[in-house]
Protein chains: 2
Amino acid sequence: MNVIDESGILAIATRLQRLSEQLRKDGTLIYKAHGLDFEPKWFPVIYTLHLRPVLSVVEIANEIGYTHPSTISLLKELEKEKLIRSKRDKADERKRLIQLTAKGQELIGRMQPVWEIIIATLTEVTNTQNNLMLAIGEVEEQMKQLSFFERAKRIGQTD
Amino acid sequence: MNVIDESGILAIATRLQRLSEQLRKDGTLIYKAHGLDFEPKWFPVIYTLHLRPVLSVVEIANEIGYTHPSTISLLKELEKEKLIRSKRDKADERKRLIQLTAKGQELIGRMQPVWEIIIATLTEVTNTQNNLMLAIGEVEEQMKQLSFFERAKRIGQTD
DNA sequence: TGAATATATGTAGTTAACTACGTATACTTG
DNA sequence: CAAGTATACGTAGTTAACTACATATATTCA
């Protein structure tokens with residue numbers, strides 16, 4: 001066991017990130033193994049448009065929890081891949097409305113079975129004594145109630 | 001609730017990363033609030049050298065679980081901050097031995113109480129029904145037994 | 001109704017990790 | 001013991017997110 005794993009909770013951010021990166025790398029391999037040219041980072045945008053077919057840039061950004069510049073750069077890649085297209089909103093000229101192309105919808109169809117496999121695998125790997133999915137949700141909820149910084153401030157005062 | 005949180009386990013990598021980033025941001029604020037000029041990303045290196053006072057570049061990289069180029073760039077920053085120093089290993093001229101400076105050790109002394117607060121806060125926020133710290137450890141262990149990709153391959157075949 | 005404010009999108013530059021590759025020293029082995 | 005291999009460190013370039021700033025359009029309210 002190394003120093004960081006031993007340092008426990010102090011290095012939690014590092015470990016979360018490491019885990020995320022590992023899952024993403026393996027995700028890329030899984031798509032590739034099924035002959036799909038798809039990057040895991042595209043998932044949030046594609047899945048969002050799958051559920052809500054026409055959205056503006058900022059609406060997508062809010063749904064996926066990214067900033068709008070990050071979203072714009074993902075959208076650029078997806079547009080280059082011809083998986084999405086966009087047009088100005090006639091009712092509000094500031095907005096650009098994004099939607100899946102036929103190619104994008106067709107790709108989703110082919111990804112569905114792979115998603116099933118990924119879901120089953122993630123379920124297997126996270127279904128331990130303390131369920132990671134649930135744990136994340138619970139921590140997110142905690143921090144929505146009162147941010148980490150605010151909690152530290154409070155604890156620091158009463159210490 | 002947004003689409004990504006609803007998509008459940010498929011967007012787990014995104015959520016892990018988001019959480020990690022949030023904790024890191026708040027970490028920066030906490031150090032600053034205690035008058036400390038310290039970035040959370042430095043923690044793994046500094047803490048490793050605190051426990052094991054003299055290490056080479058690659059030894060540190062292995063301890064903190066980063067690649068050596070990432071480690072080198074952290075070490076450069078820390079050297080500029082005069083928190084660490086380094087010298088050639090006389091027994092093996094390829095190696096550079098890294099250690100804390102007096103300033104680095106003194107900073108650790110001042111960080112200790114802040115670390116206590118961070119630990120208490122993280123404990124509070126992660127000590128929900130499913131403990132995030134334990135969950136991460138359990139998932140890491142699972143994936144050490146058999147990688148995520150290998151598991152997906154197996155599940156994909158028997159599906 | 002026009003001035004101030006808010007919203008939507010876009011661009012530029014930063015950050016913190018990575019991979020790929022190169023060089024120097026050390027080790028191993030035919 | 002020299003040639004090949006392994007190890008340690010370093011550099012260059014990439015990636016995928018970010019913040020800060022800029023511009024265009026829409027909304028609000030004095």
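In what follows, every chain begins at residue 1, and chains take the letters A, B, ... in the order their sequences are listed.
Heavy-atom neighbours of A/Lys103 NZ from other residues, nucleotides or ligands within 6.0 Å: above the threshold of 12. Other residues, nucleotides and ligands contribute more than 12 heavy atoms inside 6.0 Å of the CD atom of A/Gln112.
Here D/dT11 is the nucleotide among D/dT19, D/dA26, D/dT11 with the atom lying nearest to any side-chain atom of B/Pro69. Checking C/dT11, D/dC18, D/dG10 against every side-chain atom of B/Glu21, the shortest atom distance belongs to D/dC18. In the set D/dA17, C/dA26, C/dG10, the nucleotide with an atom closest to the side chain of A/Lys41 is D/dA17. Side chain of B/Arg88, nearest nucleotide from D/dG10, C/dT9, D/dA17: D/dG10.
Here the P atom of nucleotide D/dG10 and the CG atom of B/Leu75 are 8 Å apart, to the nearest Å. Taking atom CD on A/Gln17 and atom C1' on C/dT15, their separation rounds to 11 Å, with Å as the unit. To the nearest angstrom, C1' of C/dA17 lies 16 Å from CH2 of B/Trp42. Between B/Glu93 atom CD and D/dA6 atom P there is a gap of 23 Å when expressed in whole angstrom units. Separating the CG atom of B/Leu55 from the C1' atom of D/dA8 is a distance of 14 Å, rounded to the nearest angstrom.
In this structure, A/Leu97 and B/Thr71 both approach DNA chain C, and ranking their closest nucleotides by distance from the 5' end singles out A/Leu97. If B/Glu39 and B/Lys90 are placed on DNA chain C by their nearest nucleotide, the residue sitting closer to the 5' end is B/Glu39. Place A/Ser70 and A/Asp92 on DNA chain D by their nearest nucleotides, and A/Ser70 ends up nearer the 5' end.
Nucleic acid contact class of B/Ser56 (heavy atoms, under 4.0 Å, all strands): sugar-phosphate only.
Residue-to-nucleotide contacts include a donor-acceptor pair under 3.5 Å from the side chain of B/Arg94 to the base of D/dT7.
Remark: B/Lys76 is in phosphate contact with D/dT11, judged by side-chain N or O atoms under 4.0 Å from OP1 or OP2. Between C/dT19 and A/Lys25, a contact under 4.0 Å exists linking OP1 or OP2 to a side-chain N or O. Regarding contacts with the backbone of D/dG10, a side-chain N or O of B/Arg96 is found under 4.0 angstrom from either OP1 or OP2. The phosphate of C/dC18 has neither OP1 nor OP2 within less than 4.0 Å of any side-chain N or O from B/Tyr66.
In terms of modelled atom types and a separation under 3.5 Å, the side chain of B/Glu138 and the main chain of A/Gln129 share a donor-acceptor contact. A side-chain donor-acceptor contact under 3.5 Å links A/Thr101 to the backbone of A/Lys82.
Of the N and O atoms on the side chains of B/Thr67 and B/Ser70, at least one donor lies less than 3.5 Å from an acceptor on the other residue.
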